[in-house]
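Have a look at the structure below, then the notes.
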Amino acid sequence: MHAVTREIHFCYGHRLLEYPGKCRHLHGHNGTAVITLESASLDHLGMVVDFSRLKAEVGGWIDSHLDHRMILHKDDPALAYLLAQGEPIFVMDRNPTAENIARLIYEKTKESGFPVVEVKLWETESCNASYRA
């Protein structure tokens, strides 16, 4: 089995609803999505996937939907106010935990046709969450 991994760096803000600690407040992260793809065979160039294609497609989606945005739950009471102020927001059906953001990126990578096996989201340099199907 062949595997390749690409890191995509982005900045985002969020807060966790119903969380008892300080992450219940709006705050930001310099995150890194670590996307791992696997394939039993290689293409005609000898690659699982061209790294630049992964960056362009998945990195492009992250840049346009998550980078420098507040990632909020659809029921967040701050959502309407921030939208009215013209703030860039990405709305999730789930609480925007590192686990759920990793799953979101996994699902978008899969939808783009990549043979993704895992997405790990480093929220800080010492904390990460991962998702694999």
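Being a predicted model, the structure only gives us computed values, none of them experimental.
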request  = Step by step, work out the side chain to side chain contact (heavy atoms under 4.5 Å, CB included) result for V119 and L104.
outcome  = CA-CA 9 Å; V119 170; L104 171 69; over 6 Å; no
ask   = Heavy atoms, side chains only, cut-off 4.5 Å: are N30 and H9 in contact?
value = no
ask   = Under 3.5 Å, is there a donor-acceptor pair between the side chain of H29 and the main chain of G31?
value = no
request  = Following the transitive rule for hydrophobic clusters with a side-chain heavy-atom cut-off under 4.5 Å over Ile, Leu, Val, Met, Phe, Trp and Tyr, establish whether F10 and F90 coincide in one cluster.
outcome  = yes
inquiry  = If hydrophobic clusters are built from ILVMFWY residues whose side chains come within less than 4.5 Å, do Y106 and V4 share one?
reply    = yes
ask   = Should T5 and V34 count as side-chain neighbours, where that means a heavy-atom distance under 4.5 Å?
value = yes
task = Taking atom CZ of R132 as the centre, report whether more than 12 heavy atoms of other residues, nucleotides or ligands fall under 6.0 Å from it.
result = no
E118 side, atom CD; S130 side, atom OG - distance, nearest 0.5 Å = 4.5 Å
Student check: side-chain heavy atoms of H25 and R15 closer than 4.5 Å = no
message = Do M70 and L16 land in one hydrophobic cluster if side-chain heavy atoms of ILVMFWY residues count as linked below 4.5 Å?
response = no
ask   = In terms of side-chain geometry, is the basic nitrogen of E111 or K108 positioned less than 4.0 Å from the acidic oxygen of its partner?
value = yes
query = Got more than 12 heavy atoms from elsewhere within 6.0 Å of CD, Q85?
reply = yes
task = Could you tell me whether a side-chain N or O of N128 sits under 3.5 Å from a main-chain N or O of K120, the two making a donor and an acceptor?
result = no
task = Step through it carefully: locate the ring centre of Y12, locate the ring centre of H68, and say whether they are under 6.0 Å apart.
result = no
task = Taking the side chain as every heavy atom from C-beta outward, state whether I71 and V91 have any pair of such atoms under 4.5 Å apart.
result = no
request  = Could you tell me whether the side chain of V117 reaches within less than 4.5 Å of the side chain of L37, counting heavy atoms only?
outcome  = no
task = Indicate yes or no for a side-chain donor-acceptor contact from T124 to the backbone of S126 under 3.5 Å, with no hydrogens or angles considered.
result = yes
ask   = Nearest 0.5 Å, what's the CD1-OG1 distance between I35 and T109?
value = 4.0 Å
request  = I would like to know whether L72 and L82 meet side chain to side chain contact (heavy atoms under 4.5 Å, CB included); could you show each step before the answer?
outcome  = CA-CA 10 Å; L72 299 174; L82 292 171; 3.8 Å; yes
inquiry  = Nearest 0.5 angstrom please: T97 OG1 to M92 CE, how far?
reply    = 7.0 Å
inquiry  = Do D67 and W61 make a side-chain contact, defined as non-hydrogen atoms from C-beta onward lying under 4.5 Å apart?
reply    = no
ask   = When rounded to the nearest 0.5 angstrom, what distance separates NE2 in H14 from CG in D76?
value = 11.5 Å
inquiry  = Using the rule that Ile, Leu, Val, Met, Phe, Trp and Tyr join whenever any side-chain heavy atoms are under 4.5 Å apart, tell me whether I62 and L121 fall into a single cluster.
reply    = yes
ask   = Between CZ of R6 and CG of D50, what distance do you get to the nearest 0.5 Å?
value = 9.0 Å
Gap separating the OG1 atom of T32 from the CD atom of E7, nearest 0.5 angstrom = 6.0 Å
ask   = Are side-chain heavy atoms of V48 and H2 found at a separation under 4.5 Å?
value = yes
query = Are V49 and F51 co-members of a hydrophobic cluster defined by side-chain heavy atoms under 4.5 Å apart?
reply = yes
message = If you define the side chain from C-beta out and look only at heavy atoms, does anything of E87 sit under 4.5 Å from Y81?
response = no
query = Under 4.0 Å between a Lys/Arg side-chain N and an Asp/Glu carboxylate O for E99 and R103?
reply = no
Distance-minimising heavy-atom pair for L79 and I89 = CD1-CG2, 3.5 Å
